[in-house]
Amino acid sequence: MKLIVEELIDAPIDKVWNALTNKNEMKQWYFDLEAFNPKVGFEFTFPGEGHTGTKYIHLCKITEIILHKRLQYSWQYENYKGYSLVTFDLQEEDGKTRLILTHSGLESFPQNNPDFGAESFKGGWTQLLTKFLPEYLAKDTKSI
């Protein structure tokens with residue numbers, strides 16, 4: 001199962017790339033990571049919370065980097081079966097950035113847990129990429 005969220009963001013590609021790969025920027029719209037280094041093989045973790053308040057530790061490892069074009073990492077959960085890939089693809093469009101997120105492998109997570117359901121992932125990614133990230137980038141651009 002593959003989830004795709006696409007958004008045209010009113011910001012240049014380098015600003016969007018920095019928001020996806022700089023831990024100080026990521027914490028403004030994504031998750032507050034202890035460490036992040038955009039290099040293949042770098043592993044990072046972060047806590048998250050499901051709809052019912054269940055706490056999850058996300059386990060991620062960068063699998064592909066193409067500067068200003070693609071960031072991909074594995075996405076797993078501590079103490080739960082399943083393996084998925086999150087891919088951010090960036091394309092320049094008239095000074096704006098088309099961001100295409102693909103999250104594949106969702107069916108590998110426990111399907112009896114609504115926190116791992118397709119609708120849960122769709123809601124989370126949609127909110128992050130169509131609301132939080134554009135709002136952060138708009139605010140960041142105005143403050144410069």
Side-chain angles (χ1 to χ4, degrees), residues 1-93 95-141:
M1 180 187 307
K2 188 183 292 188
L3 169 69
I4 298 173
V5 177
E6 187 171 330
E7 181 74 3
L8 184 61
I9 298 175
D10 189 9
I13 212 163
D14 61 327
K15 281 196 153 310
V16 177
W17 179 259
N18 287 338
L20 293 173
T21 60
N22 179 304
K23 82 175 191 79
N24 293 325
E25 291 194 38
M26 293 166 82
K27 74 179 179 183
Q28 303 297 319
W29 69 274
Y30 188 51
F31 290 97
D32 190 0
L33 307 180
E34 214 170 278
F36 189 84
N37 188 354
K39 294 195 182 307
V40 171
F42 183 79
E43 297 182 27
F44 60 100
T45 65
F46 59 92
E49 190 172 307
H51 299 300
T52 60
T54 303
K55 305 247 189 277
Y56 299 99
I57 299 297
H58 298 72
L59 309 172
C60 303
K61 182 177 183 176
I62 297 177
T63 56
E64 186 177 6
I65 292 273
I66 302 172
L67 189 64
H68 293 149
K69 292 190 182 300
R70 174 175 276 192
L71 168 64
Q72 182 182 75
Y73 47 82
S74 62
W75 177 288
Q76 297 175 273
Y77 294 95
E78 187 175 73
N79 301 320
Y80 291 90
K81 74 177 187 84
Y83 177 91
S84 66
L85 284 175
V86 172
T87 307
F88 296 90
D89 285 308
L90 307 176
Q91 301 166 355
E92 194 276 329
E93 276 186 33
K96 298 180 182 182
T97 304
R98 181 157 307 277
L99 173 60
I100 303 163
L101 171 120
T102 306
H103 194 161
S104 59
L106 299 178
E107 72 283 352
S108 69
F109 297 120
Q111 293 303 294
N112 61 345
N113 182 334
D115 286 339
F116 299 142
E119 286 305 309
S120 177
F121 283 106
K122 182 179 180 185
W125 285 121
T126 299
Q127 186 173 38
L128 283 167
L129 300 180
T130 66
K131 180 174 172 36
F132 295 158
L133 178 58
E135 285 177 359
Y136 164 70
L137 289 167
K139 178 186 73 170
D140 184 53
T141 302

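Judged purely by atom type and a 3.5 angstrom limit, Ser74 uses its side chain to pair as donor or acceptor with the backbone of Lys61. For Ser84 (side chain) and Gly105 (main-chain N/O), no donor-acceptor pair under 3.5 Å exists by modelled atom type. A donor-acceptor pair is defined here as one N or O able to donate and one able to accept, closer than 3.5 Å; such a pair exists between the side chain of Gln111 and the backbone of Phe109. Although no hydrogens or angles enter the test, the distance criterion places no donor-acceptor pair under 3.5 Å between the side chain of Gln127 and the main chain of Thr130. Remark: side-chain polar atoms of Thr87 are not paired, donor with acceptor, to backbone N or O of Gln72 under 3.5 angstrom.
For the atom pair CG (Leu8) and CG (Asp10), the distance works out to 7.5 Å, reported to the nearest 0.5 Å. Note that the CE atom of Met26 and the CZ atom of Phe46 stand 8.0 Å from one another [nearest 0.5 Å]. Summarising the geometry, atom OG1 belonging to Thr102 is positioned 9.0 Å from atom CD belonging to Glu6; distances are rounded to the nearest 0.5 Å. One distance of note links NZ of Lys23 with CD of Glu34; it measures 8.0 Å at 0.5 Å rounding. The distance from atom NE2 of His103 to atom CZ of Phe88, rounded to the nearest 0.5 Å, is 9.5 Å. With rounding to the nearest 0.5 Å, the separation of NZ in Lys15 from OH in Tyr136 is 7.5 Å.
For the pair Phe44 and Asn37, the minimum side-chain heavy-atom distance is 4.5 Å or more. Side chains of Phe116 and Tyr56 form a contact here, defined as non-hydrogen atoms less than 4.5 Å apart. Counting heavy atoms from C-beta on, the side chains of Leu128 and Leu101 never come closer than 4.5 Å. Looking only at side-chain heavy atoms (C-beta outward), Thr97 and Trp17 stay at 4.5 Å or farther from each other. Residues His68 and Asp14 meet the side-chain proximity criterion, which asks for heavy atoms closer than 4.5 Å. Looking at heavy atoms from C-beta onward, His51 lies in side-chain contact with Ser120 at the 4.5 angstrom threshold.
Residues Val40 and Ile65 come closest through the heavy atom pair CG2-N, 3.9 Å. The minimum heavy-atom distance between Ile62 and Tyr73, with the atom names listed, is CA-CB, 3.7 Å. Between Glu64 and Ile66, the shortest heavy-atom distance links the atoms OE2-CD1, 3.5 Å.
Checked against side-chain hydrogen bond (donor to acceptor under 3.5 Å, both in side chains), Trp29 has no partners two or more places apart in sequence or in another chain.
Of the N and O atoms on the side chains of Thr52 and Thr54, at least one donor lies less than 3.5 Å from an acceptor on the other residue. Side-chain contact of Tyr77 with Asn113: a donor-acceptor pair under 3.5 Å is absent, judged by distance alone.
Taking a 6.0 Å sphere around NZ of Lys81, one finds it holds more than 12 heavy atoms contributed by other residues, nucleotides or ligands.
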Could you give me the CA-CA distance, side-chain angles and deciding distance for Leu20 and Tyr30, then say whether side-chain contact (heavy atoms from CB on, under 4.5 Å) is met?
-> CA-CA 9 Å; Leu20 293 173; Tyr30 188 51; over 6 Å; no

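For an aromatic pair to be called close, the ring centres must be under 6.0 Å apart, and Trp75 with Tyr80 fails this.
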